[in-house]
Number of protein chains: 2
Amino acid sequence: MATGRTHRPATRSRGIPEATVARLPLYLRALTALSERSVPTVSSEELAAAAGVNSAKLRKDFSYLGSYGTRGVGYDVEYLVYQISRELGLTQDWPVVIVGIGNLGAALANYGGFASRGFRVAALIDADPAMAGKQVAGISVQHSDGLEKIISDNGVSIGVITTPPGVAQQVCDRLVAAGVTSILNFAPTVLTVPDGVDVRKVDLSIELQILAFHEQRKAGEAGEEAAANESAVPAPVGPADPTDQGPDGDVPAVMPA
Amino acid sequence: MATGRTHRPATRSRGIPEATVARLPLYLRALTALSERSVPTVSSEELAAAAGVNSAKLRKDFSYLGSYGTRGVGYDVEYLVYQISRELGLTQDWPVVIVGIGNLGAALANYGGFASRGFRVAALIDADPAMAGKQVAGISVQHSDGLEKIISDNGVSIGVITTPPGVAQQVCDRLVAAGVTSILNFAPTVLTVPDGVDVRKVDLSIELQILAFHEQRKAGEAGEEAAANESAVPAPVGPADPTDQGPDGDVPAVMPA
DNA sequence: CCATCTTTGTGCACGCGTTCACAAAGACAT
DNA sequence: ATGTCTTTGTGAACGCGTGCACAAAGATGG
């Protein structure tokens, strides 16, 4: 694979677009399935179909990684699995901590996709003393007092936050202070982090609301009126009327710190 | 699918860009918090900070909804909450079914963000007969035999799939056939649906892999090598080596270099 | 009523991502 | 070897999203 003898390949034009990075796991999953069926090669068309994307997009994505295909044939499945795994950093072990062992935290701890692909649940952490020592997914839950030590002892750089929103920021701060530089946030809160720390958020409520928007749009196209009474709305600018202080709070529940 | 000819004009709705729609729930959350503190008005700068976005972006987003602000003053919180809620379709009740009551499904059923904001868990459905009748989050789990009836009886248009990946597509097919037109998919699978059906996917494994990529990048810039042996890789084109067979659909696949 | 000050709403430019369309590259048959 | 056929890799065009910068709008004070 003569891609030019770059003696310092570390920073070699890693211009892999973010959008491409986000799709690599998708390709990897499809390729892994093919690999298990011992399929030796796959064309961009087939793989794109399996991954649910456009074949041109897939080829362009792969072009950022290098020329790993063979014209007239396709891509070697095993080789591509390796290349993508390496590019994503999955050939090494990533210890991960999950903070907040409620329903969601427990679900993640049990999630198979976690354990595979180089991710290892190094610790489950919860602020509730009653949780400490409990076994979840075969791992003993530890109290959050020892968070810093757990992080440094295990060399953890990725943290998953599944706490109630009220404490998410302080948990985040502690994680970052302890050395975590990547955070996957499930709490419905905007996290503020220093430069150099990556945060990705997964927000179930937001996803649902986006679906609702499109759903309403579909319904509106069919029964095109119904929502015509825009006059029956609150005054555009007026005194804040706290009478309708609905229980609209998004917050699931407050939690013991 | 991919008939190609039917070029979908993306967001035909009200001209509201998809990117804006995805941020509206974020604004709504911040506004709700302000509303609970009885804050009457808020400037684009303040609200943007609370939502973690650029203020210019926020103003442009709102401009798609209409001119709801007052120059020199800002936005009326209550009024904006209403407008965004209406735009997102949250002023109506959305019955939702969750299919697959494993750890994750149970977590979602208990998730507070579900119940609020107009979403109502109409039913919990599982294929395991042993689950039927069990109470989860105060709701009795029903067997998947009655899926179609449940959907139509409750007028459900939004379905959440938290099943194992192997059955996700068939569950999806049944949901769609029964009348569901929006699906939130947590299973690590690419779902194929007819036109007119929206699918959003939440994939924990993918999020982690994206984080790992950036984490590796950071580490590479600091440690500046370690990934130097590009020669010790499998042959570019060779026989499929099925020595690394994994149980689940997620295999580590390749050994560390 | 006028001046000043604050904040919105938006025209514009730029960069990223997507898609098309095709030349180049290689496999394969003759 | 040569021609044909398949499939990759990519140049180029296009559209969307983002951020800047500023004029317009309205509030506020004298």
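Order of the sequence lines fixes the chain letters, A, B, ..., with proteins taken first and strands second; residue numbering starts at 1 for each chain.
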**Study point:** Length of the line joining A/Tyr68:OH and C/dG26:P, which is rounded to integer Å
**Key:** 16 Å
Exercise for review: Provide the full list of ring-ring contact (aromatic ring centres under 6.0 Å, His included) pairs with a residue in residues 24-53 of chain A, sequence neighbours left out, each pair given once.
Suggested key: A/Tyr27-A/Phe62
Revision key, fill the gap. Considering only heavy side-chain atoms of B/Arg23, the closest of D/dC20, C/dT8, D/dT18 is D/dT18
**Study point:** Value rounded to 0.5 Å, distance of CG in A/Leu90 from CG in A/Leu24
**Key:** 9.5 Å
Check your understanding: Would you call B/Arg23 and B/Val53 a side-chain contact if the rule is heavy atoms closer than 4.5 Å?
Key -> yes
**Study point:** First encountered from the 5' end of DNA chain D, between B/Asp61 and A/Ser63
**Key:** A/Ser63
Exercise for review: Counting heavy atoms from C-beta on, name the nucleotide in D/dT18, C/dG17, D/dT10 closest to the side chain of A/Pro17.
Suggested key: C/dG17
Exercise for review: Working to the nearest 0.5 Å, report the span between CG of A/Leu26 and CD of B/Gln209.
Suggested key: 9.5 Å
Return all side-chain donor-acceptor pairs below 3.5 angstrom for residues 157-165 of chain A, not counting sequence neighbours, or 'none' if the list is empty.
unit_1: A/Thr162; atom_1: OG1; unit_2: A/Val99; atom_2: O; d: 3.1
unit_1: A/Thr162; atom_1: OG1; unit_2: A/Gly100; atom_2: O; d: 2.5

Practice item. Write down the distance between CD (B/Glu45) and P (D/dC20), rounded to a whole number of angstrom. Key: 11 Å
Check your understanding: What one-letter contact string describes nucleotides 25-30 of chain D from 5' to 3', where B marks a base within less than 4.0 Å of any protein heavy atom, S marks contact via sugar-phosphate atoms alone, and - marks no contact?
Key -> B-S---
Point to revise | B/Tyr82 and B/Glu78: side chain donor to acceptor below 3.5 Å | key: no
Check your understanding: So what does A/Glu18 hit on the nucleic acid, given a heavy-atom distance under 4.0 Å: a base, only sugar-phosphate, or nothing?
Key -> sugar-phosphate
Point to revise | Rounded interatomic separation in angstrom, taking CG from A/Leu47 and P from D/dT7 | key: 14 Å
Review point. Quick one: A/Leu58 CG to D/dT10 C1', roughly how many Å, whole number?
Key: 14 Å
Check your understanding: Looking for any heavy atom pair under 4.0 Å, which part of the strands does A/Tyr75 touch: base, sugar-phosphate only, or nothing?
Key -> sugar-phosphate
Exercise for review: Grab the CZ-C1' distance between B/Arg59 and C/dG11 for me, whole Å please.
Suggested key: 13 Å
Check your understanding: How many Å lie between CD on A/Glu46 and C1' on D/dT6, as a whole number?
Key -> 12 Å
Exercise for review: Would you mind telling me which residue lines up with the more 5' stretch of DNA chain C, B/Lys60 or B/Ser44, judged by nearest nucleotide?
Suggested key: B/Ser44
Check your understanding: For the pair made of NZ in B/Lys57 and P in C/dA13, what is the distance, rounded to whole Å?
Key -> 21 Å
Exercise for review: Find the distance A/Asn54:CG to C/dT19:P and express it as a whole number of Å.
Suggested key: 5 Å
Check your understanding: Is any side-chain heavy atom of A/Thr189 closer than 4.5 Å to a side-chain heavy atom of A/Lys201?
Key -> no
